[in-house]
Visitor: 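Questions regarding the structure given below will be posed in turn.
So that the names make sense, note that chain A is the first sequence line, chain B the second, and so on, each numbered from 1.
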Amino acid sequence: MKIATWNINGVRARIGNLTHWLRESAPAIVCLQEIKTVDDQFPKAEIEALGYNVETHGQKGFNGVALLSRLPFDEVNRGLPGDDADEQARFIEGVFSTPKGALRVVSLYLPNGNPIDDPAKFPYKLSWMDRLEAWARERLALEEALVLAGDYNVIPEPIDAKNPRAWVNDALFQPQTRQAFRRLKNLSFTEAVRAVTDKADVYTFWDYQGGAWQKNNGIRIDHLLLSPEAADRLGSASIEKHVRSWEKPSDHVPVAVELELEAA
DNA sequence: ATGTCGCGGGTACCGCGA
């Protein structure tokens, strides 16, 4: 069963790209981030026409996440617990039934956090990461297949950037950011891409500016974290890099895993 | 550093967030 995550950078501006990719890649479940629309304006019909169920957690103008699934949803939860005052749409969880048991999938859009000297932005990122860790700790206790996928806005290691020195003052590569990501992973998650390759030059985002794509000046910030029960079933992980060369691309590309959750 | 982009507000481009 293919499960993919993609920061689409505006689903209404990119619906043609999205449907083309869904036909080509044929994932069973998709985690979208930065849909940048309210739920009412999400292009649901085009996606349902391809056989997907659609659940969104939208917001006007910014942020917004969604789950697309060929399996029916048993349960959907919107919003990361831990701060009732947090109005930003960055988290949606779906639960599915598979021949191998329950499958829980999250689409998350972790706060960017820049600039780091802003009184609100970087602290918001770090507190969001604390809330995510607390949430993950509870969910891991269920001992289910859990996939925590999305745009983490975290460059985990120097090897995950073409030019790591350019990121030392950026919220995506702060020691506190990297440490919070390690704390999350250390709860017992397997990071899917690094489970299958230790190569350099493996990126998921290339800025629109400065010819970043042409120079392969990328960073790896879109990740899928797998619970032990999901990691047991990991077949492969891949970055669908060619999508960045399409017309009117998102600045991110899809990242996917294959999990063996079908009937034997 | 930037050779950029999507969206909202309000109808021409600018501010914002990334």
Visitor: For atom P, what is the distance between B:dG3 and B:dC7, given to the nearest Å?
Guide: 23 Å

Visitor: Just checking, any donor-acceptor pair under 3.5 angstrom between side chains of A:Glu240 and A:Trp6?
Guide: no

Visitor: Measure the acute angle between the ring planes of A:Phe96 and A:Phe73, then classify it against the limits of 30° and 60° as parallel, tilted or perpendicular.
Guide: tilted

Visitor: In terms of side-chain heavy atoms, does A:Asn217 have a donor or acceptor partner in A:Trp206 at a distance below 3.5 Å?
Guide: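 There is no such pair (donor and acceptor under 3.5 Å, judged by atom type) between the side chains of A:Asn217 and A:Trp206.
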
Visitor: What pairs meet the ring-ring contact (aromatic ring centres under 6.0 Å, His included) rule with one or both residues in residues 38-67 of chain A, with sequence neighbours excluded?
Guide: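 Every candidate ring-ring contact (aromatic ring centres under 6.0 Å, His included) pair involving residues 38-67 of chain A fails, so no pair, neighbours aside, qualifies.
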
Visitor: Nearest 0.5 Å please: distance from the CD atom of A:Glu93 over to the CG atom of A:Leu148.
Guide: 9.0 Å

Visitor: Taking only the C1' atom of each, what is the distance from B:dA12 to B:dA18 in whole angstrom?
Guide: 24 Å

Visitor: Where does the angle between the aromatic ring planes of A:Tyr152 and A:His223 fall among parallel (under 30°), tilted (30 to 60°) and perpendicular (over 60°)?
Guide: tilted

Visitor: Could you give the NZ-to-P distance, from A:Lys215 to B:dG3, as a whole number of Å?
Guide: 10 Å

Visitor: Using a 4.0 Å cut-off on protein heavy atoms (strictly under), produce a 5'-to-3' string for nucleotides 5-18 of chain B with B for base contact, S for backbone-only sugar-phosphate contact, and - for none.
Guide: SSSSS-------BS

Visitor: If you measure from the C1' atom in B:dG15 to the same atom in B:dG10, how many Å do you get, rounded?
Guide: 13 Å

